[in-house]
*Asks:* 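Okay, here's the structure, questions in a sec.
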2 protein chains.
Amino acid sequence: MTKKGKTWFAILGFLSWKPMSGYDIKNLVDISLSYFWSISYGQIYPTLKRLVAAGYATTEAGRSIGDRKRNLFRITNEGQKALDDWMSKPIDLSIQRDEMQLKLFLGGQRDTAQTISLIRDFKGQQTQRRAQLLIEYDETAPALESGEFADDIQWLEPERLSGARQKQAVREQTLIFLLSIRQGILKAEARITWCDEAISLLENPPYANKS
Amino acid sequence: MTKKGKTWFAILGFLSWKPMSGYDIKNLVDISLSYFWSISYGQIYPTLKRLVAAGYATTEAGRSIGDRKRNLFRITNEGQKALDDWMSKPIDLSIQRDEMQLKLFLGGQRDTAQTISLIRDFKGQQTQRRAQLLIEYDETAPALESGEFADDIQWLEPERLSGARQKQAVREQTLIFLLSIRQGILKAEARITWCDEAISLLENPPYANKS
DNA sequence: TCAGACATGTAAGTCGTTACATGATTCA
DNA sequence: TGAATCATGTAACGACTTACATGTCTGA
């Protein structure tokens, strides 16, 4: 049996929303998950094939009204079952490589000045990211009230629902999206806090006057 | 020319401390960088070969006094130069895949109850990790005062230095190590904060009474 | 009509893990 | 003596990116 990794279930997860093409999936990830996920065609198309081979999806070539022609993939009951199973499994917490920490560790006691300057740069990056995320948050938040997506943010265009249900779906989706942005903001802020602590300690080591 | 990735420079960075074997490097990473880096023999030995081929390191087979025999690798001037260059380059900030966020996004509006339970589990994991890191912090911190490593924490055993210089080296290394633990703690706390916010919002959505 | 977006795919290569193979040395 | 650990490696596989190839459709 083929190996089922995170990409496998990520794609299956999108198909559980509604039937999609590989192209749709790529767009969806790029537009709405760009901060914490990415995927390439080199993964998508072969994985879709394997999903069909595994009986987790079916394919309908060429279909689509009004739109250009796309190869749509639809999740099967078996696929849905496998997805539900994976969704409820605890998060895999294996190491997240952290280049900043690696450089700190490797160079920290050899060249403090350079390390400090590196941390300063890092803080700059994180500060910028935080600002960017705050803007995105503010642009998205109104949809929570209105139930209508702002301008270009129509990543989830659900099957047409009647007015009230449609608005509710938009609100739910918006809340999820805001939560993910919020996570990015908190992460950036934690890093900024760390940078400040680290710079301060490296500039004035607590053992400075010890022999 | 062979590709030079992070693993390449990670290994080179260790060699810049003192000559080491592949086995030493593996141990060092496992013991002191385990929270934010990992490396396997399948990477180490081939990379060491490539470092030698690139002129960044030399090898001395069999050497070692009192110890078992090991193949030691020593960084060259050229290697040191390349390392310095890499060390001063800004941190690569490309996406960090985040399984929690992926699952939130995929399942959030389909099955809120399951998502909440997933977040609760995640919070549990992060709380545990935070506790573990706090313990490690407390165990390591005394070395900042004493200039002597606690019990089994002798990852950096520098070339023998005279008393005062030796203590100073230990203090510097300890500070770096504490900073990296601190980063792990801040990261875990940011995640815990997010979990609380997320659960609260998912349980009581701000749009609950809207039509 | 033709540039640009839409849409689908493959090939080659890097990166990393796991499992396996091999042998030396230590010490209970 | 034999189990554990020290020590060095390779092979196979999976995950992911990049670059390429190919063709369609839309609108200025």
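Below, chains carry the letters A, B, ... as their sequence lines are ordered, and counting in each starts from 1.
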*Asks:* Would you jot down, in residue-number order, the residues of residues 78-92 of chain A having a non-hydrogen atom under 4.0 Å from DNA chain D?
*Replies:*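 Output list: empty, so none.
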*Asks:* Would you mind writing out the side-chain donor-acceptor pairs for residues 112-121 of chain A within the sub-3.5 Å range, not counting sequence neighbours?
*Replies:*
residue, atom, partner, partner atom, Å
A:T115, OG1, A:D111, O, 3.1
A:R120, NH2, A:E203, OE2, 3.1

*Asks:* Tell me whether the side-chain N/O atoms of B:Q43 come closer than 4.0 Å to OP1 or OP2 in C:dG16.
*Replies:*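 The answer is yes; a side-chain N or O of B:Q43 sits under 4.0 Å from OP1 or OP2.
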*Asks:* How many Å lie between CD1 on B:I95 and C1' on C:dC15, as a whole number?
*Replies:*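 Rounded to the whole Å, the gap is 14 Å.
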*Asks:* May I have the distance from B:I44 (atom CD1) to C:dT18 (atom P), rounded to whole angstrom?
*Replies:*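 The distance from CD1 of B:I44 to P of C:dT18 comes to 13 Å, rounded to the nearest Å.
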*Asks:* Please tabulate, one pair per line, all N/O donor-acceptor pairs under 3.5 Å involving side-chain atoms of residues 34-41 of chain A, not counting sequence neighbours.
*Replies:*
residue, atom, partner, partner atom, Å
A:Y35, OH, A:Q132, NE2, 3.2
A:Y35, OH, A:E136, OE1, 3.0
A:S38, OG, B:R97, NH2, 3.1

*Asks:* Would you sort out whether B:L179 and B:Q183 count as a side-chain contact (heavy atoms from CB on, under 4.5 Å), showing the intermediate values?
*Replies:* CA-CA 6 Å; B:L179 282 176; B:Q183 220 264 0; over 6 Å; no
*Asks:* Checking A:R74 now: which residues fulfil salt bridge (Lys or Arg N to Asp or Glu O under 4.0 Å) with it, not counting sequence neighbours?
*Replies:*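 For A:R74 the salt bridge (Lys or Arg N to Asp or Glu O under 4.0 Å) partners, ignoring immediate neighbours, are A:E60.
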*Asks:* At less than 4.0 Å, is any side-chain N or O atom of B:S40 found next to OP1 or OP2 of C:dT17? Yes or no.
*Replies:*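 So the side-chain polar atoms of B:S40 do come within 4.0 Å of the phosphate oxygens OP1 or OP2 of C:dT17, strictly under.
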*Asks:* With A:K6, which residues qualify under salt bridge (Lys or Arg N to Asp or Glu O under 4.0 Å), at least two apart?
*Replies:*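 Salt bridge (Lys or Arg N to Asp or Glu O under 4.0 Å) check on A:K6 returns A:D92, B:E99.
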*Asks:* Please state how far atom CZ in A:R50 lies from atom P in D:dC16, giving the value in whole angstrom units.
*Replies:*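 A:R50 atom CZ is separated from D:dC16 atom P by 11 Å.
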*Asks:* What is the distance, to the nearest angstrom, from the CG atom on B:L102 to the P atom on D:dA15?
*Replies:*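 It works out to 15 Å between those atoms.
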*Asks:* Take the protein atom CH2 of B:W37 and the nucleotide atom P of C:dC15, then report the distance between them rounded to whole Å.
*Replies:*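 After rounding, the reported distance stands at 12 Å.
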*Asks:* What integer distance in Å separates B:M20:CE from D:dT8:C1'?
*Replies:*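 Taking atom C1' of D:dT8 as the reference, CE of B:M20 is at 17 Å.
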*Asks:* Of all residues at least two apart in sequence or in a different chain, which pass the side-chain hydrogen bond (donor to acceptor under 3.5 Å, both in side chains) check with B:E197?
*Replies:*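 side-chain hydrogen bond (donor to acceptor under 3.5 Å, both in side chains) check on B:E197 returns A:R182.
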*Asks:* Tell me whether the side-chain N/O atoms of A:S38 come closer than 4.0 Å to OP1 or OP2 in D:dT17.
*Replies:*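 Checking A:S38 against D:dT17: at least one side-chain N or O falls below 4.0 Å of OP1 or OP2.
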*Asks:* List for me each residue that meets side-chain hydrogen bond (donor to acceptor under 3.5 Å, both in side chains) alongside A:D30, sequence neighbours excluded, and say none if there are none.
*Replies:*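 Listed in chain order: A:K26.
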*Asks:* Would you tabulate the pairs of protein nitrogen or oxygen atoms and nucleotide nitrogen or oxygen atoms of nucleotides 8-12 of chain C closer than 3.5 angstrom?
*Replies:*
residue, atom, partner, partner atom, Å
C:dT8, OP1, A:N71, N, 2.8
C:dT8, OP2, A:Y23, N, 3.1
C:dT8, OP2, A:Y45, OH, 3.1
C:dT8, O5', A:Y45, OH, 3.4
C:dT10, OP1, A:K49, NZ, 3.1

*Asks:* Between D:dT8 atom P and B:N27 atom CG, what is the distance in whole Å?
*Replies:*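 Taking CG of B:N27 and P of D:dT8, I get 10 Å after rounding.
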*Asks:* Apply side-chain hydrogen bond (donor to acceptor under 3.5 Å, both in side chains) to B:D84 and list each qualifying residue two or more places apart in sequence or on a separate chain.
*Replies:*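 B:Q80.
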*Asks:* Atom CH2 of B:W8 to atom P of C:dG16: distance rounded to whole Å?
*Replies:*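 These atoms are roughly 13 Å apart.
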*Asks:* In terms of side-chain heavy atoms of A:T7, which of C:dT17, C:dG16, D:dC16 is nearest?
*Replies:*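 Selected nucleotide: D:dC16.
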*Asks:* Does any part of the side chain of B:F73, heavy atoms only, come nearer than 4.5 Å to the side chain of B:I11, both counted from C-beta?
*Replies:*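 B:I11 vs B:F73: side chains apart.
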